[in-house]
Structures are given as C-alpha cells and as structure tokens.
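To start, the structure under review is shown below, and the notes come after it.
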Number of protein chains: 2
Amino acid sequence: MNDKNTEKGQPAFLLAQIGAHAASLFGERLSALELTPPDAGILRLLRVAAGISQQDLSTRLQIHPSRLVAILDNLENRKLVERKQNPNDRRLYSLHLTKNGGEILERIGRVAREHQDALLAALSTDERDQLTGWLHRIADQQGLARGVHPGYQRLGRSKSQRDD
Amino acid sequence: MNDKNTEKGQPAFLLAQIGAHAASLFGERLSALELTPPDAGILRLLRVAAGISQQDLSTRLQIHPSRLVAILDNLENRKLVERKQNPNDRRLYSLHLTKNGGEILERIGRVAREHQDALLAALSTDERDQLTGWLHRIADQQGLARGVHPGYQRLGRSKSQRDD
DNA sequence: TATTGTTATACTCTATAACTATA
DNA sequence: TATAGTTATAGAGTATAACAATA
C-alpha cells in the first residue's frame, strides 16, 4: 500500500481543516465587533424568528439553556436584544432584535462577505457557485440544519477520550 | 436588501458547518479505537517523520508541549508509540511508532475512508475529485499546512470574547 | 406536577510557570 | 545561560443540578 491516501485525496480532512480555519478567521473578524460566533448566530436567527423564547432558541441553535443566559445578558446590556414579557405565558420571554441589533446585523453581513471573499480567493466566481451547490448537497444529505453551526455547542470531550 | 445572503450562497458558512460536522463524525469513529483526533494526527506524522523530538512534534502539529506529555504518556502506555533516547543529545527524546502503532494506523486509515465515503455520499466520484482539487487550491492559497488540523490546538477564547 | 429561566457548583480542559537534567 | 521535557497550579469555559416563579 502506498501513501496515496495520506499525501493527496483526503477531501474529508480538507473539509475539516478548511472549516476550522474558516471558523477561526470569521471569529477573528467578529471580535472586531466584540461579538462571538454564537452571538452572531443568535442575532441572525432573531431577525427571522422574532419573539421566540430562550428555550426555543436553545433547541434551534443547540446552545445549552444555562449558557444562553449569560450570552443574552450580554447582548441585552449592549441593547442589541430585548427580552419582552410574553403576555400569554409569563414564564416565557419573547426575544426581539433592537434597532441597534438590526444595525449590527448589517455590519455582520458585511464582515461575512469580506471573510468569504478572502477565504475563496483561490476560486473563480463560477467555481464558487459550483462549490456552493455541492456543499449544499452535502449539507442536506448529512441532515445539517441551515444556519446552525455545530461549533455553537462547544461540547467537551467525553471521559473515554481523555489522555491520562 | 433581500435575504439572499442568508438564505442561499454562504459557501464560507457551509464550509465551517460541514467541516465541524466532519470533524465531529470522525472523532466519533476514532473513539471506537479509543483514540482522539490529536492522537491520530500524531501517529500519522510519526510514520513519515520517525525519530523527531517532542518539541519538533509540538511545533509541527501546533500542540502545546505540556499537553503533548499526557498524550504521549497515554500512547506509550498503550504501546503505540515509543520514546527512545537520542544518543546525540540526551535532553531529547526520539519518538517512534511501534508495531502496534503501525497496525492501528492502518485501522485509522480504514476508518477515515469509511468516514469519507459517508460524508461525501451526495457526490459522484467525478464531483468528489473536482471538489478535492478546489479544496486543495483553497488550502494552499490560505497557507494551510498538509495534515495539520487547527482543531488540534483547542485554544480557548480570548478574554475580549467572553459572555459575561 | 411540569416547565421557563436562573444561579451555584463541580468538572474538564488548557496554558503558565516553575522545576530537572542536560547542553 | 539556554533548551527539552515534566509537573503543579491557576484560569477559563461548560454542563449539572438545584432553585423560584408560573402554568
């Protein structure tokens, strides 16, 4: 057996490698807006799903409810998100984007486009389009939900995977 | 402005999403061998760079030296890796794959191929080849080193990115 | 009795820095 | 004095589980 499988090929490894690289670069760009990737995911979801509860947000983005508290406290303190009372059920909050939240979302969009252009600088426009189509097919076949980044979870390793 | 940028397009986000998904799935498959992704990266590197020191390994895979100690302790206890004394400089270890290490590396290769087939099930062979070529071009243009997964680092977020 | 949001606590993981032995 | 490897410690980040309010 030769080294073909390690020296070339390897699209799965490349996808993981480039994906982690892309997430890291986007995180750096976001930090200029003092935002984290989960912050951006929440703001983006609230634009199209205004009024949802923290519980709902938690399940949609796969972020633990207790973690959401601190994240939303921060976004609310910065007047990007508002917690309104739900008149139908006073246990639930109704989460909304503020005006500032909408504005920063546009800045996030600009940052995302710049990030994307830099990341895909090696490809032509046509190639990017075709790549995008294939990535969508992979994502759909793998059952990945639109707009839900697994990195939002940040789960630790299980005990069986420890090094000691 | 319409929703085009969030509802379609988005290859950068898809790359990050699919990449994290791929890394997660591969990690699950590796756990059946009681290995972590960094373990696999180390074993793979030691096949082509036998005899290197821990310091060298540390810089090549971007794993912190103090973290390497526990990882290598584990691999050595399991007889997958051997620390030999370097006769030229007794401060350095000379790291080598054992026979068992070579065998498990072949099992890792099989696992990686199964993983790759499952991940890219949506694409034809020709499409996979073309995708691979583009990913290589992106990786090269972005300056990513072959076989070095950024996920090996597992850096925490900087203080400026905290949620509190 | 169940559920939402919150808080306190414990746990896991990592880097920092001190330490030893060699050079 | 500098470097390789090791260890101890402290820090950051997370989930778990108990909690109060409401249904």
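Just so it is clear: chains get the letters A, B, ... in the order the sequence lines come, proteins before strands, and each one is counted from 1.
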- [ ] Report the C-alpha distance between A/R137 and B/L123 in whole Å, list the side-chain angles of each, state the deciding distance to 0.1 Å, and finish with yes or no for side-chain contact (heavy atoms from CB on, under 4.5 Å).
- [x] CA-CA 8 Å; A/R137 278 170 53 194; B/L123 303 186; 3.8 Å; yes
- [ ] Kindly point out which of C/dT7, D/dA23, D/dA15 is positioned nearest to the side chain of A/R67?
- [x]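 Ranking C/dT7, D/dA23, D/dA15 by closest atom to the A/R67 side chain puts D/dA15 first.
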Task: Closest listed nucleotide, where the reference is the side chain of B/Y93 and the choices are D/dG5, C/dT22, C/dT7 - done: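 Between D/dG5, C/dT22, C/dT7, the one nearest the side chain of B/Y93 would be D/dG5.
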Open item on the list: Any N or O donor-acceptor pair under 3.5 Å from the base of C/dT14 to the side chain of B/S66?
Closed with: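 No pair found.
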Round to the nearest Å and state the distance from [X] atom [atom1] to [N] atom [atom2].
X      : N      : atom1 : atom2 : answer
B/Q85  : D/dG5  : CD    : P     : 10 Å
A/R90  : D/dA20 : CZ    : C1'   : 14 Å
A/Y152 : D/dT14 : OH    : P     : 14 Å
A/D73  : C/dT7  : CG    : P     : 7 Å
B/L92  : C/dT22 : CG    : P     : 12 Å
B/L68  : D/dA4  : CG    : P     : 13 Å
A/N88  : C/dT3  : CG    : P     : 19 Å

- [ ] I would like to know whether A/H149 and A/F26 meet side-chain contact (heavy atoms from CB on, under 4.5 Å); could you show each step before the answer?
- [x] CA-CA 12 Å; A/H149 198 297; A/F26 185 58; over 6 Å; no
Task: B/S94 or A/N86, whichever maps to the more 5' nucleotide of DNA chain D - done: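 Mapping each residue to its closest nucleotide by heavy atoms, the 5'-most match is B/S94.
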- [ ] Kindly indicate whether the side chain of B/I42, heavy atoms from C-beta on, has any atom under 4.5 Å from the side chain of B/L68.
- [x]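 Yes. Closest side-chain heavy atoms under 4.5 Å.
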Open item on the list: I want to check something: taking the side chain as every heavy atom from C-beta on, are A/L35 and A/R78 in contact at a cut-off of under 4.5 Å?
Closed with: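 A/L35 vs A/R78: side chains touch.
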Task: Same apolar cluster (I L V M F W Y, side chains within < 4.5 Å links), B/Y152/B/I52 - done: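 In one cluster with B/Y152: B/I52, yes.
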Open item on the list: Side-chain N or O of A/R91 versus OP1/OP2 of D/dA21: is the shortest distance under 4.0 Å?
Closed with: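 The answer is no; no side-chain N or O of A/R91 sits under 4.0 Å from OP1 or OP2.
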TODO: Report yes if a side-chain nitrogen or oxygen of B/R83 is closer than 4.0 Å to either non-bridging phosphate oxygen (OP1 or OP2) of D/dT6; otherwise report no.
DONE: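 Yes, such a contact exists.
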TODO: Using the side-chain contact (heavy atoms from CB on, under 4.5 Å) rule, pick out the option among A/Q141, A/H136, A/Q142 that qualifies with A/I138.
DONE: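 Testing A/I138 for a side-chain contact (heavy atoms from CB on, under 4.5 Å) against A/Q141, A/H136, A/Q142 leaves exactly one candidate, A/Q142.
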Task: Pairing of B/R107 and B/E103 as salt bridge, 4.0 angstrom limit - done: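 No, B/R107 and B/E103 are not salt-bridged.
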- [ ] Strictly below 4.0 Å, heavy-atom distances to any atom of DNA chain C: list the hits from residues 53-64 of chain B, or just say none.
- [x]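 Only B/H64 qualify.
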